[in-house]
*Asks:* 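Take this structure first; my questions come after.
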Amino acid sequence: MTKHRDVAQKRREKRTVWLERTMRWSGLDETNTTRLLMTPRRQSIRINPLSNDQTDLSPHATPVSWCSNGYSPLDSAADMLTELALSGKLYIQNAASWLPVLALDPQPNDIILDVCAAPGGKASHIQAITNNQSNLTCNDNSKPRLMKLRTNMQRLGAEASYTLCDATRLANKFLPGTFSKILLDAPCSGEGLMTLRPEDEKLFDTWSVAHIRRLSDLQKNIICKSWKLLQPGGTLVYSTCTMAPEENEAVIDYFLRKHTDAKLEPVTIPLENRLEALRSWNGKPFQSDLSSCLRLLPSQLTEAFFVAKLIKPEV
């Protein structure tokens, strides 16, 4: 009984810290922050144009204006949509996951690396947009996740090659300048998935500020290593599904200080829950202008998310 009380107490303490941190970076008071963090997140659907059998979803879902083939489904259609997903006609994911792919703007004949690709939602979206005409390499550092990724891609008819590699060691597998575009949806603390609702309390078991700081160090390492693999003139999109400034603005600020010739390009996707990127955190100002980054507050349609689009200069 004492052990259960200790676990519950630790969760409450972590929830309090998370609430306070969110109040600081969002600028909202406690009432509005609590309301924001209790908002349930809805899953959305993306029609798979690679499927030969297209389905009319108009009676069962509402189009999402800023993403082609993206829809917000009605609750009554859940069973039907699950069956369509299992057959590869559509993919179920949170709408925020479409943002980094749209920012990457994949085109036919692009040579693309998805650094942390499992379970395949963003990789399959790349090939859906290019009609399988991009040269896509999907990487992950976990064999079970890579197997799940391949299964998902095959079900959706999305073509790719696959590598099993620690993201910090990809430079040992590929030559510098191999890829024209790189998607780095970085491993993160996943705060976009967390809420203050009682049923989600177990999510705080793995959350801590110390863990966020460790992830920030890893993210800085991965983005710098990935940059070496990008061609001159190429695009690297960095994204996370977390709110933590240490994993978002701080990573991009660090990167830009190390790569002063890199250009941060605006992510212009119109979203009502968009928030201006932070200029400082914990009393320490960021040295770079990060206003071009996309930072999202959580909403019913989208998880909290962060996207930065970086352009490598021509030689």
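Bear in mind that the values here come from a model prediction, so they are computed numbers and not experimental data.
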*Asks:* List the atom of Y254, the atom of C224, and the distance in Å for their closest heavy-atom pair.
*Replies:* CE2-SG, 4.0 Å

*Asks:* Can Q107 and S134 be counted as having a side-chain donor-acceptor contact under 3.5 angstrom?
*Replies:*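 Side chains of Q107 and S134: no pair found under 3.5 Å.
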
*Asks:* Does a salt bridge link D114 with K122, judged by any charged N lying under 4.0 Å from a carboxylate O?
*Replies:* no

*Asks:* Using a 3.5 Å distance criterion without hydrogens, assess whether the side chain of T130 forms a donor-acceptor pair with backbone atoms of P106.
*Replies:*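 A pair under 3.5 Å: no.
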
*Asks:* If you look at every heavy atom in T137 and F179, which pair is closest and at what distance?
*Replies:*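 Looking at all heavy atoms of both residues, the closest pair is OG1-CE2, 4.0 Å.
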
*Asks:* Could you walk me through whether K148 and N152 satisfy the side chain to side chain donor-acceptor pair (under 3.5 Å) test, starting with their C-alpha distance in whole Å, then the side-chain angles of each, then the deciding distance to 0.1 Å, before giving a yes or no?
*Replies:* CA-CA 6 Å; K148 182 178 181 180; N152 285 337; over 6 Å; no

*Asks:* Does a side chain donor of either N94 or R42 reach within less than 3.5 Å of an acceptor in the other side chain?
*Replies:*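 Note: N94 and R42 side chains miss the donor-acceptor criterion.
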
*Asks:* Are any non-hydrogen side-chain atoms of L271 and I269 less than 4.5 angstrom apart?
*Replies:*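 Answer yes - side chains close enough.
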
*Asks:* Is any side-chain heavy atom of E247 less than 4.5 Å from a side-chain heavy atom of I212?
*Replies:* yes

*Asks:* Heavy-atom distance under 4.5 Å between the side chains of P298 and F305, does that happen here?
*Replies:* no

*Asks:* Dump the intermediate steps for side chain to side chain contact (heavy atoms under 4.5 Å, CB included) on Q219 and I223, then the final yes or no.
*Replies:* CA-CA 6 Å; Q219 291 151 355; I223 192 172; over 6 Å; no

*Asks:* Would you mind checking if E303 and R41 are paired as a salt bridge, meaning a charged N to carboxylate O distance below 4.0 Å?
*Replies:* no

*Asks:* Looking only at atom types and distance, does a side-chain atom of S26 sit under 3.5 Å from a main-chain N or O of T22, one as donor and one as acceptor?
*Replies:* yes

*Asks:* Run the side-chain donor-acceptor check on residues 163-172: report pairs under 3.5 Å with partners two or more places apart or on a different chain.
*Replies:*
{"unit_1": "T163", "atom_1": "OG1", "unit_2": "N139", "atom_2": "OD1", "d": "2.8"}
{"unit_1": "D166", "atom_1": "OD1", "unit_2": "T168", "atom_2": "N", "d": "2.8"}
{"unit_1": "D166", "atom_1": "OD1", "unit_2": "T168", "atom_2": "OG1", "d": "2.7"}

*Asks:* Return yes when atom CD of Q300 has more than 12 non-hydrogen atoms of other residues, nucleotides or ligands closer than 6.0 Å, and no otherwise.
*Replies:*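 Atom CD in Q300 is not packed in, count stays at 12 or less.
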
*Asks:* Please tell me if the side chains of I112 and I126 come closer than 4.5 Å, counting only heavy atoms from C-beta onward.
*Replies:* yes

*Asks:* Can you tell me if N52 has over 12 outside heavy atoms packed within less than 6.0 Å of its CG?
*Replies:*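 For N52, atom CG is not crowded (no more than 12 foreign heavy atoms under 6.0 Å).
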
*Asks:* Check for a donor-acceptor pair, side chain of D140 on one end and backbone N or O of S142 on the other, with a separation under 3.5 Å.
*Replies:*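 Side chain of D140 to backbone of S142: a pair is present.
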
*Asks:* When you measure from the side chain of T39 to the backbone N and O of R35, does any donor-acceptor pair fall under 3.5 Å?
*Replies:* yes

*Asks:* Short question: side chain of R11, backbone of L203 - any donor-acceptor pair under 3.5 Å?
*Replies:*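 No, because the side chain of R11 does not come within donor-acceptor range (under 3.5 Å) of the backbone of L203.
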
*Asks:* Identify the two heavy atoms, one from L149 and one from G120, that lie closest to each other, and give their separation to 0.1 Å.
*Replies:* CD1-CA, 3.3 Å

*Asks:* Check the pair N248 / T240 against side chain to side chain donor-acceptor pair (under 3.5 Å), numbers first and verdict last.
*Replies:* CA-CA 7 Å; N248 294 326; T240 74; 2.6 Å; yes

*Asks:* Whether D253 and R257 form a salt bridge (side-chain N of Lys/Arg under 4.0 Å from carboxylate O of Asp/Glu) is what I want to check.
*Replies:* yes

*Asks:* Is V267 linked to Y238 within one hydrophobic cluster, defined over Ile, Leu, Val, Met, Phe, Trp and Tyr using a side-chain heavy-atom separation of less than 4.5 Å?
*Replies:*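 Per the 4.5 Å side-chain linkage, V267 and Y238 are not co-clustered.
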
*Asks:* Are the side chain of E191 and the backbone N or O of A304 linked by a donor-acceptor pair below 3.5 Å?
*Replies:* no

*Asks:* Do S124 and R46 pair up side chain to side chain, a donor and an acceptor below 3.5 Å, judged on atom types alone?
*Replies:* yes

*Asks:* Would you call V307 and C293 a side-chain contact if the rule is heavy atoms closer than 4.5 Å?
*Replies:* no

*Asks:* Return the orientation label for the F204 and W207 ring planes: parallel under 30°, perpendicular over 60°, tilted otherwise.
*Replies:*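 Perpendicular.
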
*Asks:* Is there a side-chain contact between Q43 and I92 in this structure, where contact means two heavy atoms from C-beta onward sitting under 4.5 Å apart?
*Replies:* yes

*Asks:* List, one per line, each side-chain donor-acceptor pair under 3.5 Å for residues 226-237, sequence neighbours excluded.
*Replies:*
{"unit_1": "S226", "atom_1": "OG", "unit_2": "I222", "atom_2": "O", "d": "2.8"}
{"unit_1": "Q231", "atom_1": "NE2", "unit_2": "T178", "atom_2": "O", "d": "3.3"}

*Asks:* Look at atom CE of M80 and say whether more than 12 heavy atoms of other residues, nucleotides or ligands are closer to it than 6.0 Å.
*Replies:*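 Counting other residues, nucleotides and ligands, CE of M80 exceeds 12 neighbours.
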
*Asks:* If only atom types and distance count, is the side chain of N273 paired as donor or acceptor with the main-chain N or O of L297 below 3.5 Å?
*Replies:*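 Side chain of N273 to backbone of L297: a pair is present.
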
*Asks:* Going by distance alone, is a donor N or O of one side chain under 3.5 Å from an acceptor N or O of the other, for T34 and T31?
*Replies:* no

*Asks:* Is M194 reachable from L196 through a run of hydrophobic residues whose side-chain heavy atoms are each under 4.5 Å from the next?
*Replies:* yes

*Asks:* Indicate if Y91 and L74 have the same hydrophobic cluster label, given that clusters are the connected sets of ILVMFWY residues with side-chain heavy-atom separations under 4.5 angstrom.
*Replies:*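 No, it is not one cluster - the side chains of Y91 and L74 are not joined through contacts under 4.5 Å.
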
*Asks:* Looking only at atom types and distance, does a side-chain atom of N32 sit under 3.5 Å from a main-chain N or O of D29, one as donor and one as acceptor?
*Replies:* no

*Asks:* Looking at side-chain heavy atoms only, is the closest gap between L301 and S72 below 4.5 Å?
*Replies:*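 L301 reaches S72 side chain to side chain.
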
*Asks:* Using only atom types and a distance under 3.5 Å, with no angle test, would you say the side chain of R197 pairs donor to acceptor with the backbone of L37?
*Replies:*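 No; judged by distance alone, with no hydrogens or angles, the pair does not exist.
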
*Asks:* Assess the side chains of E246 and W281: does a donor N or O sit below 3.5 Å from an acceptor N or O?
*Replies:*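 Present: a donor and an acceptor within the cut-off.
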
*Asks:* With the side chain counted from C-beta on, respond yes when S239 and L99 share a heavy-atom pair under 4.5 Å apart, and no when they do not.
*Replies:*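 Side-chain contact under 4.5 Å: no.
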
*Asks:* Do R12 and E201 sit within salt-bridge range, that is, some charged N less than 4.0 Å from a carboxylate O?
*Replies:*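 Salt bridge absent between R12 and E201.
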
*Asks:* Just do the side chain to side chain donor-acceptor pair (under 3.5 Å) check on S291 and E276 with the steps written out, would you?
*Replies:* CA-CA 7 Å; S291 58; E276 184 178 350; over 6 Å; no

*Asks:* With a 3.5 Å distance limit and no angle check, can you tell me whether S280 reaches the backbone of G283 through a side-chain donor-acceptor pair?
*Replies:* no

